[in-house]
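Labels below follow one simple rule: chain letters A, B, ... track the order of the sequence lines, proteins then strands, and each chain is numbered from 1.
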2 protein chains.
Amino acid sequence: MPPENSAAKVLHHLKQDVLAGYFEAGQKLKMSQLKERYQVGVNPLREALSQLVVMQLVQVQDQRGYRVCPVSQAELIDIYDTRARIESLCVGLAIERGDDAWEAGIVAAAYRLQSNAALLQANGDLQAWEQLHQQFHHAIVLGCGSTELLRVRLHLYEKASRYRNLWLQHNAGHAAFDVNQMEHEQLVTAVLARDISASQALVQQHILVPSQVLQNLL
Amino acid sequence: MPPENSAAKVLHHLKQDVLAGYFEAGQKLKMSQLKERYQVGVNPLREALSQLVVMQLVQVQDQRGYRVCPVSQAELIDIYDTRARIESLCVGLAIERGDDAWEAGIVAAAYRLQSNAALLQANGDLQAWEQLHQQFHHAIVLGCGSTELLRVRLHLYEKASRYRNLWLQHNAGHAAFDVNQMEHEQLVTAVLARDISASQALVQQHILVPSQVLQNLL
DNA sequence: CTTTTTAATAATGTCGATATTTTATTACTG
DNA sequence: CAGTAATAAAATATCGACATTATTAAAAAG
């Protein structure tokens, strides 16, 4: 375990709290409040907040402190649309470049997702399901072999988190989950068959369908 | 003019200094040194450095301070490869979505670049040329209309800056500049003709050729 | 009663100081 | 003389305190 300074620790917690919605969109982030919650002084806090500003999760106004970035339908559409295109790019490259270990990783992640999905849904543990879900998609795009592209992808995934949580809650115990699961099977088949255009079409749909559901919720 | 705090001011200067190569790749960034140069205390400095860490221009090691991110041939290839794909994506969308104002903006930027290129090359003002160059390409991709995609593009452009400076210096007064200029004319023609695949092929080449030159320099 | 002005309260941004940790130097030992 | 241990020097990370600025509340004027 890497020894982290308090700025790094508070960054991690603060980021989770913003992404999970503990701090609502647009909410003011007062120093006194944050000091209390994370048990650190202002300087590590300001470092963490500065980093979240670069990640576009927090806004800063000179002499007026920090606040959580607002959400909007326009941003939702843009993020999901861009994600769909980037993910498609990653998938195409991964199919071109992926080797045996890549294929095995996909099968393993798909198995883990499928075998735990029903239980986690019954428990209502949406975050655990989302983690397995994300690991499955990550196993696919990992084959693209581009650090930069994967970083861009991760950034967009994180920026989408606040919107995705709405979708997860809305669809808890809903039929959309089963549809989602079916799409995974189709995707695995297309990817392992090295069918680039089919895989890209499937993965774009897989991302854009939740976007359309969310547009009606905002 | 927006009133900025010292962290924002020092961030701007420090970023420029890293991108321009004033601080070399891998170099240790000592606080005493930075305090002297930017005339601020450690806390605004740490905020700025924290942001540069997120931008992947600076690395941090716990209790061992900050240093400029190293450069490598592998990173160069990855950045330029990814840039080529993202730029291609932007260009395709821009051609699909661009309107009259977009076309006019491209013609204007191309004109400004072409009319100043010879003079700036003679003066050896490579940075001014690069600025016009970048404004030209930005005028094209602006038509894609996606804030997120443009942000990703800008991030990759900035990450490529340190490598690009090598290319600029290497090609000062060289024939490659004229080839580069010719590629712009072809690109304008293809874009205004709304020929997506031709435009994408041209812009990919336009980015990848310098990458191949640079691979021999590192 | 609304608007403006003034006072108070609170919050932000920066610095200097300090404890802790790393790095460099010197001394020691096999 | 190389390698290691002890010491000295330097650098980092954090806090508390203070000056500046924004926000809120109260008072005064129209």
Side-chain angles (χ1 to χ4, degrees), chain A residues 1-19 21-71, chain B residues 1-19 21-71:
Chain A
M1 195 137 61
E4 285 178 329
N5 58 21
S6 20
K9 282 194 289 248
V10 75
L11 169 66
H12 184 253
H13 286 139
L14 193 44
K15 184 176 172 183
Q16 285 308 113
D17 284 341
V18 170
L19 293 181
Y22 178 85
F23 297 112
E24 288 175 29
Q27 180 180 342
K28 182 93 198 297
L29 294 168
K30 290 187 192 170
M31 283 298 171
S32 51
Q33 185 187 7
L34 300 177
K35 274 169 63 177
E36 175 70 22
R37 180 168 174 80
Y38 303 107
Q39 293 293 309
V40 290
V42 288
N43 294 23
L45 270 173
R46 288 182 62 88
E47 286 181 36
L49 287 164
S50 297
Q51 303 200 57
L52 290 175
V53 168
V54 178
M55 298 178 196
Q56 298 152 48
L57 297 175
V58 163
Q59 286 179 338
V60 59
Q61 277 183 293
D62 192 69
Q63 300 290 352
R64 272 174 242 189
Y66 299 87
R67 59 179 59 244
V68 180
C69 279
V71 293
Chain B
M1 193 141 58
E4 284 179 330
N5 59 19
S6 24
K9 282 193 290 249
V10 74
L11 169 65
H12 183 253
H13 285 140
L14 192 45
K15 184 176 172 182
Q16 285 308 114
D17 285 340
V18 170
L19 292 181
Y22 177 84
F23 296 112
E24 288 175 28
Q27 180 179 340
K28 183 90 198 295
L29 294 169
K30 290 187 193 170
M31 283 298 172
S32 53
Q33 185 185 7
L34 299 177
K35 274 170 63 177
E36 176 70 21
R37 181 168 174 81
Y38 303 108
Q39 294 294 307
V40 291
V42 287
N43 293 24
L45 270 173
R46 287 182 64 86
E47 287 181 33
L49 287 164
S50 297
Q51 302 199 55
L52 290 175
V53 168
V54 178
M55 298 177 196
Q56 298 152 47
L57 297 174
V58 163
Q59 286 179 337
V60 59
Q61 277 184 293
D62 192 69
Q63 300 289 354
R64 274 174 237 189
Y66 299 88
R67 57 180 59 245
V68 181
C69 278
V71 293

(Q) Assess the residue pair Tyr66(A) and Met31(A) against the criterion (side-chain contact (heavy atoms from CB on, under 4.5 Å)); give the C-alpha distance rounded to whole Å, side-chain angles, the decisive distance to 0.1 Å, and a yes or no. (A) CA-CA 9 Å; Tyr66(A) 299 87; Met31(A) 283 298 171; 3.9 Å; yes
Q) Counting just side-chain N and O atoms, does Lys35(A) come under 4.0 Å of either OP1 or OP2 of dG16(D)? A) no
Q: Check the distance between dA10(C)'s P and Gln33(A)'s CD and give it to me in whole angstrom.
A: 16 Å
Q) In Å, rounded to the nearest 0.5 Å, how long is the span from OG of Ser32(B) to CZ of Arg37(B)? A) 13.5 Å
(Q) Here's a test for you: under side-chain contact (heavy atoms from CB on, under 4.5 Å), which of Leu49(A), Leu19(A), Val58(A) qualifies with Leu14(A)? (A) Leu49(A)
Q: Could you check how far CG of Leu49(A) sits from P of dT14(C), rounded to whole Å?
A: 14 Å
Q) Expressed in angstrom and rounded to an integer, what is the separation of Asn5(A) atom CG from dC15(D) atom P? A) 11 Å
Q) How many Å lie between CD on Glu47(A) and P on dT14(C), as a whole number? A) 13 Å
**Q.** Nucleotide nearest Lys30(A) when distance is taken to its side chain, options dA13(D), dG13(C), dA11(C)
**A.** dA11(C)
Q.
Of the listed nucleotides (dT14(D), dG13(C), dT14(C)), which one gets closest to any side-chain atom of Tyr66(A)?
A. dG13(C)
Q. Roughly, in whole Å, what's the span from CZ in Arg67(B) to P in dT12(D)?
A. 11 Å
Q: For Lys28(A), look at atom NZ and say whether over 12 heavy atoms of other residues, nucleotides or ligands are found less than 6.0 Å away.
A: yes
Q: Write down the distance between CG (Leu45(B)) and C1' (dG13(C)), rounded to a whole number of angstrom.
A: 14 Å
(Q) Using 30° and 60° as the class boundaries, would you call the ring planes of Phe23(B) and Tyr38(B) parallel, tilted or perpendicular? (A) tilted
Q. Whole-Å distance between dC15(C) P and Tyr38(B) OH?
A. 15 Å
Q. With nearest nucleotides of DNA chain D determined for Arg64(A) and Pro44(A) from heavy-atom distances, which residue corresponds to the more 5′ nucleotide?
A. Pro44(A)
Q: Find the distance Glu36(B):CD to dA11(D):P and express it as a whole number of Å.
A: 13 Å
(Q) Counting only side-chain nitrogens and oxygens, does Lys28(A) get under 4.0 Å of the OP1 or OP2 atom of dA22(D)? (A) no
Q. Start at the 5' end of DNA chain D and walk down; is the nucleotide closest to Gln63(A) or to Gln39(A) reached first?
A. Gln39(A)
